[in-house]
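So the structure is just underneath, and the comments pick up after that.
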Amino acid sequence: MANIYNFNAGPGALPAEVLQEAQEELRNYQGIGASILEISHRSKAYESIHHEAKQLIKELMGLPSDYEVLFLHGGASLQFSMVPINFLTEGKVAGYIHCGTWSGKAWQEAQKIGQTLVLASGEKQSFKQMPELSNLNIPKEMAYVHLTSNETIDGIQCRSFPDTGHVPLVVDMSSDIFSRPIEASRFSLIYAGAQKNLGPAGVTIVIVRRSLLARIPETIPDILSYHTQVKHHSLYNTPPVFSVYMVNLVLKWIVNQGGVQSVAVRNQQKADLLYQVLDNSGGFYKGLAYKDSRSMMNITFCASSSEIENKLLAELEQEGFLGLKGHRDAGHLRASIYNGVPYEHCKALADFLTEFQKRNG
Ligand SMILES: *Cc1c(COP(=O)(O)O)cnc(C)c1O
């Protein structure tokens, strides 16, 4: 295989070692003579994967003992509805931080369930900057405050999280979970589709503080209730077994990298490398996000003209750099440099961008 550098936004690059391991044991999982894809989710073999992945999430995140970890279907998008269905009950109001496409979708879904209030919006900055979160005015009786920690499409990320007091803070961490250490006890519910930083599509990680479960109405469908899912240890129905298996391999890989702190150091180096090329290009390239909000995961940028951008995208593809075209709503370019993208691949991209500028600047 020729050198391929994968910068796809989602599903995104997985560590090469993880893919290798999955390939090696695909047909015969640990000597049982069958694939993990074709055995019961109630089998000892699967149950131990399920349990190990849960345990690793707790350890790597440093979760206090009053949190539950769930593996659910439906992507992060189902959580846009599931959060309000469970917690935005009669007479309550939910607060939303509107900081981009994904938080906008979450807010839109919540409006179908109950009353919402936008506590801060990045609309005036065209979602290229995180709104100020340090001085939010949060009514004490709010159902929850919802935030998106990394807006994948415009490439902006929260540097610090708001203090919501006794109001539960719910965060969509789909595109930056496990990319940097967080203080887990500040959050009441964290959710993340796995396909960006943690594994393949098909499983969504939900981390929920147990004390919240008492608020969930019994009238909602079982499969949509966090309460039911906790009671059944995410085995209410058949879980996405292969996705959970892959997530478990990625979690073990993070442990082998030295944990989340070490991964975060490398992620910062990767992002710095690329932002430096943009900032030192004398305007040939430009980062699209405000500097104080730049994402460490999704680097959005443009080149001096659309002709140059098209030429650049064509050459990138030819040279084996995949997935650099910006999201269809945002245009321009985007390099997604999730945990699974090695430093060397970012270096190769940085070098190519510098060399391309020399030829076309
Ligand atoms: C990709 C993404 C989603 C949507 O995820 P699905 O699993 O496709 O539903 C939601 N939120 C954020 C921040 C994302 O990056």
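What you are looking at is a predicted structure, and each value in this text was computed from that prediction instead of being measured. Just follow the structure's listing: the first ligand is 1, and inside any ligand the first atom is 1.
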* To do: Could you walk me through whether Ser149 and Asp176 pass the side-chain hydrogen bond (donor to acceptor under 3.5 Å, both in side chains) test, one step at a time?
  => CA-CA 7 Å; Ser149 55; Asp176 66 352; 2.7 Å; yes

* For the residue pair Trp107 and His98, does the interplanar ring angle fall in the parallel (under 30°), tilted (30 to 60°) or perpendicular (over 60°) class? -> tilted

* Met61 versus Ile177: any side-chain heavy-atom pair under 4.5 Å? -> yes

* Structure fact -> Per ring-ring contact (aromatic ring centres under 6.0 Å, His included), Phe187 is matched among Tyr67, Tyr144, Phe161 by Phe161

* Transitive ILVMFWY cluster of Tyr343, excluding itself - 4.5 Å side-chain cut-off -> Leu273

* Asked: Under a 4.0 Å heavy-atom cut-off, which residues neighbour ligand 1?
  -> Gly75, Ala76, Ser77, Phe80, Trp102, Thr148, Asn150, Thr152, Asp172, Ser174, Ser175, Gln195, Lys196

* Ring geometry between Phe301 and Tyr285 (parallel below 30°, tilted from 30 to 60°, perpendicular above 60°) -> perpendicular

